[in-house]
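To find a chain, count down the sequence lines: A is the first, B the second, and so on, and within it residues start at 1.
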Protein chains: 2
Amino acid sequence: MTNNQQIIEYIKRTIDLTDQEAEIFAASFREVKIKKRQFIVQPNFIVKHRNYVIKGSFRAYVVDDHGQDSTIAFAIEDWWITDYNSYILQTPATMFVIALEDSIILEISYEKEQMLKQSNHKFETFFRIRAERTAAFMQQRIISNLTQTAEERYDRFMEKYPQIAERVPQYALASYLGMTTEFLSRIRNKKASKKS
Amino acid sequence: MTNNQQIIEYIKRTIDLTDQEAEIFAASFREVKIKKRQFIVQPNFIVKHRNYVIKGSFRAYVVDDHGQDSTIAFAIEDWWITDYNSYILQTPATMFVIALEDSIILEISYEKEQMLKQSNHKFETFFRIRAERTAAFMQQRIISNLTQTAEERYDRFMEKYPQIAERVPQYALASYLGMTTEFLSRIRNKKASKKS
DNA sequence: CTGATTTCCTAAACTAGATCATTTTTAAAC
DNA sequence: GTTTAAAAATGATCTAGTTTAGGAAATCAG
């Protein structure tokens, strides 16, 4: 399966498209290879692309005044990643997005996306549904942060996204879940010793 | 200004509409009066409406296993409120949404909203933009929860939404910000004594 | 008005999770 | 492969925020 076919399959899971429409959609993306540790988003620049991951993995994070970094999002194959606020509102980025492995992405520019949405009601629907699901996902995370303990958040993450937990460094997962690496290490250790 | 005119003004701030389109949009909503302490959403039911607040205020919250409640959202005049996940994904609600004051809302049903979006590209665009801004707002909140201390979160809320802070009970604000009422009381007290 | 219910405040004891410092393990780079 | 750097583990100490408990204001229903 080519990379274009992959994103066509992806969009067809959300909306029906004719072959010609699928062609137009896929043609709006550009394939880019990214090396491990390479940044695709950096603070203060206005983000120009939304990125669909074909292969590899990424981490989006912010660094606060005290030098602490907090992971905002992960992405692996078939996920999207960017600095959402910067891309949507076309304001300067506050995040870094870095490749955790050698990766391949399909990027679409802000302008191309606007054109797609204007040109065809179906594309508008697709991006509307994407935004809704993004919001629904984020709301779940807010609820989780407000109501669960560090250990409960970890357990739930392991249930829902075991394939991500395997691939990302522990410090990144800890800061995604809102705890220190040390504390996550302890949680894991406790579980490992209980099993035996 | 009638309540219909109010929501027409609202949508026109996002997209341009002809008078006829504005008419169709406004006609999809139904005005409902809600008494203080009345619930408009309760757990386990699938949420049928998205609600635009004409007058009054609301609080959306979840109650966890230990009986603790966490405020997920507030709404005052010109804001929307519902159990977002339940409405968008048409799954059973996990939240309560309660009126904090005697209120008036305009509600639109899930079916009517689907019809609007299908019938006119512009309405699809409107709801796409709403979803994007909702996601952007939620992402800001996630970042705030991950990176800031309780006091910083409070300060920032007071800066951005002073008019909400005034109108909602302290325990509701505390649980929105992810802290106990007692701790919020202490923060406020500390600030009050410093000023003198 | 007035009794009842909600909301808010204060303060002491407590704990989940953070911080700090050091060691061990793993992975990157030459 | 060997050196070097990054990541993870471990233990000791500390602290931001919680819990518990009591009383004082404010709000509300009748």
Side-chain angles (χ1 to χ4, degrees), chain A residues 35-38 57 59 61 63-71 74 96 98-102 144-157 165-196, chain B residues 35-39 56-57 59 61 63-71 74 96 98-103 144-157 164-194:
Chain A
K35 281 269 174 210
K36 183 169 179 173
R37 276 166 227 267
Q38 188 182 327
S57 57
R59 172 168 94 99
Y61 64 98
V63 178
D64 69 22
D65 311 334
H66 310 292
Q68 295 260 48
D69 83 49
S70 299
T71 300
F74 291 117
F96 296 90
I98 193 170
L100 295 171
E101 305 169 343
D102 288 350
S144 172
N145 285 165
L146 286 175
T147 61
Q148 298 181 301
T149 63
E151 184 166 357
E152 286 166 346
R153 273 176 270 137
Y154 171 72
D155 289 343
R156 174 160 153 174
F157 190 91
E166 268 169 17
R167 280 170 74 176
V168 305
Q170 187 174 77
Y171 66 85
L173 179 55
S175 81
Y176 179 88
L177 294 173
M179 67 185 86
T180 57
T181 324
E182 291 93 331
F183 198 68
L184 178 51
S185 169
R186 268 162 246 235
I187 289 173
R188 282 184 157 163
N189 222 275
K190 196 180 73 180
K191 284 179 197 297
S193 66
K194 267 195 191 157
K195 268 190 191 161
S196 64
Chain B
K35 280 270 173 209
K36 181 168 179 174
R37 279 166 227 266
Q38 187 182 330
F39 290 99
S57 58
R59 172 169 95 97
Y61 64 98
V63 178
D64 69 23
D65 311 335
H66 310 291
Q68 295 259 48
D69 83 50
S70 299
T71 301
F74 291 117
F96 295 90
I98 193 169
L100 295 171
E101 306 168 343
D102 288 350
S103 303
S144 171
N145 285 336
L146 287 174
T147 60
Q148 298 182 302
T149 62
E151 183 165 357
E152 286 166 345
R153 272 176 271 136
Y154 171 74
D155 289 343
R156 174 160 151 176
F157 190 92
I164 292 183
E166 268 168 19
R167 280 170 74 175
V168 305
Q170 187 173 75
Y171 66 85
L173 179 55
S175 81
Y176 179 88
L177 294 172
M179 68 185 84
T180 58
T181 322
E182 291 90 336
F183 197 67
L184 178 50
S185 169
R186 235 146 69 182
I187 289 173
R188 283 184 157 164
N189 220 272
K190 196 180 77 180
K191 285 180 196 299
S193 67
K194 265 193 191 158

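Of the residues near DNA chain D, B:R37 and B:Q148, the one whose nearest nucleotide (by heavy atom distance) lies more toward the 5' end is B:Q148.
Rounded to an integer number of Å, the gap from CG of A:L177 to C1' of C:dA16 is 16 Å. Going from atom CZ of B:R188 over to atom C1' of C:dT7 covers 12 Å, rounded to whole Å. Atom CD in B:E101 sits roughly 13 Å away from atom P in C:dT7 (whole-Å rounding). One interatomic measurement links the two molecules: CG of B:D64 to P of D:dT18, which rounds to 13 Å at whole-angstrom precision. Between A:E151 atom CD and C:dT15 atom C1' there is a gap of 15 Å when expressed in whole angstrom units. Taking atom NZ on B:K190 and atom C1' on C:dT10, their separation rounds to 16 Å, with Å as the unit. B:Y154 places its OH atom 17 Å from the C1' atom of D:dG17, with the value rounded to the nearest Å. With rounding to whole Å, B:H66 atom NE2 is found 13 Å from C:dA16 atom C1'.
Atoms CD and OG1, from B:Q68 and A:T147 in turn, are 10.0 Å apart once rounded to the nearest 0.5 Å. For the atom pair CZ of A:R153 and CG of A:D155, the computed distance is 11.0 Å after rounding to the nearest 0.5 Å. With rounding to the nearest 0.5 angstrom, the CG atom of B:D102 is 10.5 Å from the CZ atom of B:R37. Atom CE of A:M179 sits about 8.5 Å away from atom CD of A:E151, to the nearest 0.5 Å.
Dashed line: the shortest gap from a side-chain N or O of B:K36 to OP1 or OP2 of D:dC28 is under 4.0 Å. Applying the 4.0 Å criterion to OP1 and OP2 of C:dT6, one finds that B:Q170 has every side-chain N and O outside that range. Between B:N189 and C:dC9 there is no side-chain N or O to OP1 or OP2 distance below 4.0 Å.
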Dump the intermediate steps for side chain to side chain donor-acceptor pair (under 3.5 Å) on B:R188 and B:Y154, then the final yes or no. CA-CA 9 Å; B:R188 283 184 157 164; B:Y154 171 74; 3.0 Å; yes

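Residue A:Q68 is in sugar-phosphate contact alone, with no base atom involved, counting any heavy-atom pair closer than 4.0 Å across all strands shown.
Tested against B:E101, the residues B:R167, B:K35, B:R59 include a single salt bridge (Lys or Arg N to Asp or Glu O under 4.0 Å) partner, B:R167.
Using bins of under 30°, 30° to 60° and over 60° for the plane-to-plane angle, the ring pair B:Y61/B:F39 lands in the tilted bin.
Across its full length, the helix from C:dC1-D:dG30 to C:dC30-D:dG1 shows an angle of 70° between the axes of its 5 terminal pairs at either end, rounded to 10 degrees.
For residues 178-187 of chain B, proximity to DNA chain C is found at B:E182, B:S185, B:R186, defined as any non-hydrogen atom under 4.0 angstrom from a strand atom.
Side-chain contact between B:V168 and B:S57: absent, with no pair of heavy atoms (C-beta onward) separated by less than 4.5 Å.
Between A:L173 and A:A165 the shortest heavy-atom distance is CD2-CB, 4.2 Å.
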